[in-house]
Amino acid sequence: MNLKSSIDRLRSSLLVKNQQSTASSEKPPTTPEIVQEGASGNAPTNVTPACYQFELFPEYKEYTTMKWYYEKQKFPQNLFQPHVGGSDATVMIQGREYINYSTYNYLALGFETRVKQASIQAIEDFGVGTGSGRSITGEIDIHRTFELEVCDALGTEDAVLSVGGYSTNAFTIGYLSRSQDLILYDELIHNSALIGCKITGSRRIAFPHNDLEALEQLLKTHRSNFERVFILVEGVYSMDGDIPNIPRFIELKKKYQALLMVDEAHSLGVIGKRGMGVTDYFDISGSEIDILFGSLSKSFGTCGGFVAGPKPLIAMLKYYAPGVLLYGASPTPANAAAALEALRVMRAEPERALRLQQNAAYFIERAQAAGLDTYNSRDSGVVPIMMRDSELALWMSVRLFEAGICTYPMMYPIVPRNKCRLRFFINTNHTQQQIDHTLNVITGLLKVAPKSKGIF
Ligand SMILES: Cc1ncc(COP(=O)(O)O)c(C=O)c1O
C-alpha cells in the first residue's frame, strides 16, 4: 500500500472526530428523490457490495489503515487502554501509573468518596435504573433537586437534567431551530452542536473564532431574513482553552434580538472565582444567557447533561424535545446522585477550581519559559502545546506514553492541518513536580524528534 495514500485516509480517522473545521456557510443538504423503481419485485441491479458489506465501507478502510500505520511505525496502541481506579492527575493502566493529562475529570470528583457514596446510596434507594422516561414514572426526587440546585448556582430560572451531554446539546439545538431560522456558530464549536445544527434544516453559518465583528456583520446582513436566530459559543473552547467575551456576545444578541446558547462543558467547575463557569468568570447572572448547556462528564465527574434557562424554554424541552427527555431513558439514580453531590462539593470547595487554575497558570508559564507554544489558552483547564505537524504530534504522544505521561495528539481533521497539538487537560490534583517533569520530558523529546516526512 502506498504510504502517501494511506496517510491521506488516515488523516480523517486517527482520533474521534469530536471537532471539525467547518465551511464558513452551509446550506442544508438535499436528499435524493424517492423514485418508484423495483416495484416489479426484482432485485435491484445497481447496488454495489460496498453499500451493504461493512468491511467494504470506506470508513472501515480508514480504520484498517490506521491500524496498519500504527503497526508500521511500531507504535504501541494507546487507545482504548482500560484503566483501574480513578482517572484524574494520575491513571493506572496495565499496572503502570501515568501522569495523566487525558481526563476532563477536572476537579477529581469522579472518584471522590462523598460522590461515590451518594451514588451507591441512590442505587440502594432506587436501583440501577428508573424503569422509564422521566415523565412517565421515571422521575426520582434527585433529578429535580439537581435541577433546582444548579439553577441556584447559576442564577437561571429553571433547568432540565438529561441522560447524555452530547445528546442534550445536539437535541436542544435540533428541537429549537427550524427551516425558517438561522444558526450562527463559532467555527470551533463542538461536534455535538454541529450535529444539532445539521438535524434542524436551518440555515447555518460559521463565524471566525471569537470574531465579534464578523458575527455582527452576519447579524446585520441576515437577521431580518429569519425568524429565530441562534448564536452558539462555548464557555471554554475544548481545543484551544480560550474563553470568549461572553458579555459582548450578550450585547450583540440583545441588539439583534437573537438567542445566545453557551456550551459550558469545559467552563463550569473550572473558571471563575468560585469555579462556577462563565457567569462567575464574568460576574453576570445566568439569566443573561438564553440557553446554558452543561455536561456532567467533565467537572462533575459522571455522565449526563443539562440545560438551564428561562422557565418556558425548560418547559418545552421537558415536554416536547425528543432526545432531551422525550423518547429516551432518564438519568440513572447513580448518575443523578453523583451529579448532585459533585455540584454540592464543587460549591462547598471552590479551592478545587482555584487549585486547577493555579496549576494551569503554572503549566503555561513553565511551558512558555521552555519555548513551547501554548497558543490561546488562558484561565482554563485546557492547554495545548502546538506541534509543527501531525506526524510530530503523534510521535510525541506515543513517546510520552512510553515515558509514563498520558496525553493525546489533536490532528487534522479535529483541528486545522497547521494547528496540530498535544492537548493537556489540567487537573486540580496535578502537582508542580508532575508539571515540571512533563515539560522536561517534552523538551527533551523535541530535541531528538525525527524529521517529519511531510506525509501527513
Ligand atoms: C465542548 C463540548 N460540548 C459537549 C460535549 C459532550 O458532552 P458529554 O461528554 O457529556 O457527552 C463535549 C464532550 O467532550 C464537549 O467537549
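Each ligand, and each atom within it, is numbered from 1 in the order the structure gives. Here the structure is a predicted model, which means the values were calculated and not measured.
Evaluated by nearest non-hydrogen atom to atom 15 (C) of ligand 1, the leading choice among E234, E264, H190, M239 is H190.
Under a cut-off of 6.0 angstrom, the local environment of CZ in F57 is crowded, with over 12 non-hydrogen atoms contributed by other residues, nucleotides or ligands.
The closest approach between a heavy atom of S167 and any atom of ligand 1 is not below 4.0 Å.
Contact atoms of ligand 1 toward A265: 1 (C), 2 (C), 3 (N), 15 (C) (distance under 4.0 Å to a heavy atom of the residue). For ligand 1, the atoms lying closer than 4.0 Å to a non-hydrogen atom of H266 are 1 (C), 15 (C), 16 (O). Taking every heavy atom of G304 and a limit of under 4.0 angstrom, the matching atoms of ligand 1 come to 10 (O). Per-residue contacts place S297 under 4.0 angstrom from the following atoms of ligand 1 (heavy atoms of the residue considered): 8 (P), 9 (O), 10 (O). Against a heavy-atom cut-off of under 4.0 Å, F293 is close to the following atoms of ligand 1: 4 (C). Residue contact check: S192 has heavy atoms under 4.0 Å from atoms 3 (N), 4 (C) of ligand 1.
Looking at N169 next to ligand 1, no N or O pair under 3.5 Å apart turns up.
For the atom pair CE (M396) and CE (M387), the distance works out to 4.5 Å, reported to the nearest 0.5 Å.
A salt bridge links D152 with R347: the distance from a Lys NZ or Arg NE/NH1/NH2 to an Asp or Glu carboxylate oxygen falls below 4.0 Å. Here K254 pairs with E288 in a salt bridge; the nearest charged N to carboxylate O distance falls below 4.0 Å.
Screening E351, R355, R352 for a side-chain hydrogen bond (donor to acceptor under 3.5 Å, both in side chains) involving T428 leaves a single residue, R355.
Under the 6.0 Å cut-off for aromatic ring centres, Y104 and F425 qualify, their centroids lying closer than that.
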From CA spacing to verdict: side-chain contact (heavy atoms from CB on, under 4.5 Å), Y281, I243: CA-CA 10 Å; Y281 187 82; I243 302 169; 3.7 Å; yes
